[in-house]
Amino acid sequence: MLLQQAQAEVITIAGSSTIQKFIKLAANVYSSRHPDIQFIIGSGGSTAGFAKVIDGRIQIGMMSRELTDDEKKKLGSIQHLVVGLDAVVPVVSREVFQAGIKLVDLPTLARIYQGKIVSWNQLGGANRKILVADKEVHRGTRFVFAMAVFGDPKARATKRAIILGDNQEVLNLVSSSDQAIGYVSFAYASGDVKALSLKVDDKVISPTLSNIRNGSFPMARKLYLLVPKNVPGYVADFVRFVQSEEAMALVKKAGYIPVN
């Protein structure tokens with residue numbers, strides 16, 4: 001009986017590393033009020049979060065991209081809840097930014113990631129080769145970026161690209177390099193990396209909260225939780241908490257835009 005009780009008080013969550021930043025804040029606040037509840041919070045990417053919640057391996061899945069048509073067919077009665085707004089932003093190091101690379105258009109981004117533009121001096125920057133940082137194909141951030149840049153979420157980058165996992169891995173590479181370009185969640189684009197503005201139809205659109213909120217920034221996205229309807233009451237209670245006004249303040253603290 002004691003073992004069963006302990007298992008019943010664990011909330012298992014996995015998926016998008018982007019949403020993990022908010023969920024950890026929410027879990028810390030919630031568990032401080034409910035010390036009998038424990039959390040196991042993993043990442044693995046949006047696709048993994050979807051697969052695991054569908055298979056019943058976790059109770060809550062995190063997704064930072066839209067569902068594919070195939071995933072919609074499999075969703076069944078699982079709730080698809082929006083908890084925040086975010087954007088995917090291209091980032092470079094301070095050195096690259098200060099050398100003159102401050103904005104880019106989507107076709108140029110595509111040529112960089114296809115290996116057709118190989119040096120920053122081709123874009124008015126320093127005479128350095130471009131080091132391309134891409135992400136694993138199952139990552140929600142990668143899905144949004146590839147859809148906006150290539151029109152195909154499965155499009156491959158140049159073979160010379162370095163394939164990384166979560167946002168922090170991209171930050172570590174880009175911030176320590178005077179050659180690299182990558183892309184991360186808006187909430188991570190600070191400190192030693194600089195977010196690039198995007199040129200769209202002769203208009204320069206900066207990655208700001210207002211431009212993400214009004215949808216004018218091309219890589220804006222919604223952040224989702226996937227929750228089966230038959231989860232235990234204590235899981236449902238936590239889900240209600242992450243949708244509350246109090247939790248929306250934590251969304252903002254994490255660097256995202258609250259939905260209400």
Side-chain angles (χ1 to χ4, degrees), residues 15-27 29 43 45-46 49-50 60-68 72 79-92 97 102-106 108-109 135 139-151 153 166-168 170-171 174 181-191 193-227 239-260:
S16 168
S17 61
T18 295
I19 304 176
Q20 189 183 49
K21 190 174 184 180
F22 156 63
I23 285 295
K24 285 185 174 180
L25 289 175
V29 172
S43 56
S46 293
F50 177 86
I60 300 173
M62 302 179 288
M63 292 192 73
S64 55
R65 61 165 174 80
E66 297 299 324
L67 294 167
T68 65
K72 289 176 182 177
Q79 300 173 84
H80 189 218
L81 308 173
V82 181
V83 293
L85 304 177
D86 180 36
V88 176
V89 297
V91 292
V92 295
F97 191 83
K102 298 182 179 180
L103 65 89
V104 67
D105 58 30
L106 295 178
T108 298
L109 264 180
K135 300 191 77 172
R139 299 282 177 175
T141 304
R142 210 266 176 197
F143 183 102
V144 174
F145 178 85
M147 193 67 192
V149 173
F150 302 117
D166 60 26
N167 289 298
Q168 191 59 53
V170 178
L171 285 185
V174 173
I181 184 171
Y183 53 90
V184 295
S185 162
F186 172 78
Y188 286 79
S190 61
V193 299
K194 303 291 287 185
L196 299 181
S197 297
L198 293 178
K199 189 175 182 181
V200 181
D201 297 329
D202 295 324
K203 294 176 64 176
V204 176
I205 304 176
S206 300
T208 63
L209 288 173
S210 61
N211 286 338
I212 296 169
R213 184 182 294 110
N214 64 32
S216 62
F217 190 77
M219 288 184 265
R221 61 176 171 176
K222 295 177 181 178
L223 305 177
Y224 296 98
L225 294 183
L226 302 180
V227 186
V239 172
R240 285 191 290 270
F241 171 72
V242 299
Q243 295 178 288
S244 68
E245 289 290 340
E246 182 181 3
M248 289 301 104
L250 300 177
V251 171
K252 188 174 182 179
K253 183 177 181 180
Y256 307 115
I257 299 172
V259 292
N260 55 358

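Side-chain atoms are counted along with the backbone in the values below, which use heavy atoms only and exclude waters and symmetry mates.
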Ignoring hydrogens, what is the shortest heavy-atom contact between [X] and [Y]? Give both atom names and the distance.
X	Y	answer
V170	G182	CG1-CA, 4.1 Å
N211	N214	O-OD1, 2.9 Å
P207	A195	CG-CB, 3.7 Å
D86	I212	O-CG2, 3.3 Å
K135	D166	NZ-C, 3.7 Å

Show the numbers, then the answer: is there a side-chain contact (heavy atoms from CB on, under 4.5 Å) between K21 and Y188?
CA-CA 10 Å; K21 190 174 184 180; Y188 286 79; 3.8 Å; yes
Take R139 and S17, measure what side-chain contact (heavy atoms from CB on, under 4.5 Å) needs, and give me the verdict at the end.
CA-CA 8 Å; R139 299 282 177 175; S17 61; 3.8 Å; yes
Between [atom1] of [X] and [atom2] of [Y], what distance do you get to the nearest 0.5 Å?
X	Y	atom1	atom2	answer
H80	M63	NE2	CE	6.0 Å
E66	Y224	CD	OH	3.0 Å
I205	K199	CD1	NZ	12.0 Å
T18	F186	OG1	CZ	13.0 Å

Would you mind telling me which of L109, V204, D105, L103 makes a side chain to side chain contact (heavy atoms under 4.5 Å, CB included) with L198?
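Of L109, V204, D105, L103, side chain to side chain contact (heavy atoms under 4.5 Å, CB included) with L198 is met by L109 alone.
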Quick check on side chain to side chain contact (heavy atoms under 4.5 Å, CB included): which of V259, L85, I257 does K222 satisfy it with?
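Testing each of V259, L85, I257 against K222, the sole residue satisfying side chain to side chain contact (heavy atoms under 4.5 Å, CB included) is L85.
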side-chain contact (heavy atoms from CB on, under 4.5 Å), that's the test. Do Y256 and I19 meet it? Break it down for me.
CA-CA 9 Å; Y256 307 115; I19 304 176; over 6 Å; no
Anything under 30° is parallel, anything over 60° is perpendicular, the rest tilted; go ahead and classify F150 against F145.
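Ring orientation, 0 to 90° scale: perpendicular.
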Between R221 (side chain only) and S64 (backbone N and O only), is there a donor and an acceptor less than 3.5 Å apart?
yes
Could you tell me whether a side-chain N or O of T141 sits under 3.5 Å from a main-chain N or O of V184, the two making a donor and an acceptor?
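Not a single qualifying donor-acceptor pair exists.
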Given side-chain contact (heavy atoms from CB on, under 4.5 Å), test L196 with I181 step by step and report yes or no.
CA-CA 10 Å; L196 299 181; I181 184 171; 4.2 Å; yes
Using distance only, find each side-chain donor-acceptor pair of residues 246-254 under 3.5 Å and give its atom names and separation, not counting sequence neighbours.
unit_1 : atom_1 : unit_2 : atom_2 : d
E246   : OE1    : R33    : NH1    : 3.0
E246   : OE2    : R33    : NH1    : 3.2
E246   : OE2    : R33    : NH2    : 2.4

For S16 and R65, does a side-chain donor sit closer than 3.5 Å to a side-chain acceptor?
no
Going by distance alone, is a donor N or O of one side chain under 3.5 Å from an acceptor N or O of the other, for T208 and S206?
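Result is no, nothing qualifies.
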